[in-house]
2 protein chains.
Amino acid sequence: MKTRDKILDTSLELFNEKGYGNVGNREIARYLNISPGNLSYHFSKKEDILIHLLNEFRDNNSNYYNVYHQGVPSLDAFLGLMKNIFHSQYKFRGVYIGNQFVQMDVASSGQFDYVQNASARLENFRQIFTDLVAHDYLKASESGIDFLVSFISLFGRFWIQEVFLLQTENDEEKIIRHYLKILKKQLSMFATKKGKKSIKKFSLKNFIA
Amino acid sequence: MKTRDKILDTSLELFNEKGYGNVGNREIARYLNISPGNLSYHFSKKEDILIHLLNEFRDNNSNYYNVYHQGVPSLDAFLGLMKNIFHSQYKFRGVYIGNQFVQMDVASSGQFDYVQNASARLENFRQIFTDLVAHDYLKASESGIDFLVSFISLFGRFWIQEVFLLQTENDEEKIIRHYLKILKKQLSMFATKKGKKSIKKFSLKNFIA
DNA sequence: GTCTATACAAGGATAGAC
DNA sequence: GTCTATCCTTGTATAGAC
């Protein structure tokens with residue numbers, strides 16, 4: 001395994017464990033038995049490591065979205081998509097959360113990418129919900145869709161922060177089932193008969209009460 | 001005005017503007033024309049400033065909660081409570097978000113306070129919703145209340161982060177109206193006839209569509 | 001191309017003079 | 001109560017060995 005890849009692996013591990021802000025360059029180097037300068041050679045800034053891991057995370061998610069869009073829309077499939085995304089966010093929690101804080105701190109430079117990305121994400125969700133209405137899984141007016149988009153945006157972005165802020169549970173499966181249950185409940189308020197059946201199907205497959 | 005108070009004022013201003021992590025001790029001192037050592041005399045750690053401002057923030061909110069609990073429960077009053085809390089969170093955004101950052105990083109020491117506080121907050125919300133059901137403003141089963149508590153917990157904690165992460169708007173009134181609208185919509189899904197009327201009353205008073 | 005050693009800047013923290 | 005001097009840690013940059 002190349003040093004570069006080892007750096008990325010170890011960094012993610014440390015970020016997940018201790019939080020991005022609490023992991024120093026020297027610590028990563030020490031873990032890998034290389035010199036801090038060597039780390040500098042591969043990634044000139046600490047933020048570069050974050051960015052590379054973040055790209056990995058984004059590629060991961062893009063795949064999940066693509067799979068969803070290639071299939072026939074349904075609430076079952078949508079909840080499956082979100083389940084995959086949640087696991088991905090969990091796996092990359094250190095960089096995902098770290099990035100939000102970096103973005104928040106910077107607050108102006110380089111921000112453009114993040115904001116643009118976020119707005120594309122919103123449009124994507126709007127499309128998904130609109131399709132689900134068209135396919136008779138959801139029954140929602142324009143303002144209902146607005147609400148769902150706002151909800152999924154905030155909920156999907158911050159559930160993982162809540163987990164690590166409150167630290168009341170650390171079984172990944174259990175945690176994600178909890179948040180899927182909330183999402184399920186929210187969607188069921190807009191679900192048609194067909195929609196409710198589709199949600200039920202997902203629940204049974206995934207052992208969600 | 002005592003130096004100590006000037007430090008708190010200026011720090012909040014700077015934290016709000018640039019983010020807690022981007023404001024240095026030397027910068028605060030420079031702004032006040034005092035020496036970094038003098039700052040250290042008043043607050044030995046940077047985190048101490050954060051903690052003091054945070055207590056101010058908490059006292060603020062406790063007041064709002066007390067006022068609510070002294071009155072007769074209603075959805076109108078509850079939305080009024082949340083409006084006050086939102087403005088308070090906005091005013092202290094730098095320390096509120098900064099604290100989440102610190103809590104996340106620490107992830108073990110001093111965490112107890114935060115977790116305990118958060119769990120008390122949840123119980124409080126559960127009580128509020130239960131009362132609103134008892135007073136015929138909401139119609140919700142046990143699991144419906146669970147949902148509402150989960151929702152308000154995540155939503156109420158992170159809406160302000162979303163605002164400063166996306167940076168698409170910076171008119172405080174407008175922003176808070178937006179989030180109140182979402183909250184209103186969520187509550188209206190559980191509202192009785194009496195509840196909907198109470199929500200309407202709040203909307204009219206506060207110019208929310 | 002890959003790495004070590006080393007230096008430098010900036011920020012937080014502290015001891016002690018006045 | 002105020003301030004200076006100083007220390008330690010962390011991010012970052014680079015000269016030069018292999």
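Note that these values count all heavy atoms, side chains included, but never hydrogens, waters or copies made by symmetry. Proteins get letters first, then strands, A, B, ... in listed order; numbering begins at 1 in each. None of these values were measured; they are calculated from a predicted model.
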Task: Which residue lies more 5' along DNA chain C, comparing A/Arg26 with A/Asn33 via nearest heavy atoms - done: A/Asn33

- [ ] Please identify each residue that fulfils ring pair (Phe, Tyr, Trp, His ring centres under 6.0 Å) with B/Tyr64, with sequence neighbours left out.
- [x] none

- [ ] Report the residues that fulfil side-chain hydrogen bond (donor to acceptor under 3.5 Å, both in side chains) with A/His87, sequence neighbours left out, ordered by chain and then residue number.
- [x] A/Glu172

Task: Partners passing ring pair (Phe, Tyr, Trp, His ring centres under 6.0 Å) against A/His42 (at least two apart in sequence or in another chain) - done: none

Open item on the list: With a 4.0 Å cutoff (strictly under), does any side-chain N or O of A/Lys46 reach OP1 or OP2 of D/dG11?
Closed with: yes

TODO: For this output row, return yes or no: ring centroids of B/Tyr20 and B/Phe101 closer than 6.0 angstrom.
DONE: no

- [ ] Please list residues of residues 34-44 of chain A whose heavy atoms come under 4.0 Å from any atom in DNA chain C, ordered by number; otherwise none.
- [x] A/Ile34, A/Ser35, A/Gly37, A/Asn38, A/Tyr41, A/His42

Task: Among B/Phe151, B/Phe158, B/Trp159, the one residue meeting ring-ring contact (aromatic ring centres under 6.0 Å, His included) with B/Phe155 - done: B/Phe151

TODO: Calculate the interatomic distance between A/Glu27 atom CD and D/dT10 atom C1'; express it in whole Å.
DONE: 11 Å

Return all side-chain donor-acceptor pairs below 3.5 angstrom for residues 31-41 of chain B, not counting sequence neighbours, or 'none' if the list is empty.
unit_1: B/Ser35; atom_1: OG; unit_2: B/Asn38; atom_2: N; d: 3.0

Open item on the list: Is it true that, when you exclude A/Asn170 itself, more than 12 heavy atoms of the residues, nucleotides or ligands shown sit nearer than 6.0 Å to its CG?
Closed with: no

- [ ] Heavy atoms of chain B, cut-off under 4.0 Å: which first and last nucleotide of DNA chain C, 5' to 3', fall inside that, if you could look?
- [x] C/dG11 to C/dT14

TODO: May I ask you to say whether B/Lys185 pairs ionically with A/Asp146, meaning some side-chain N is under 4.0 Å from a carboxylate O?
DONE: no

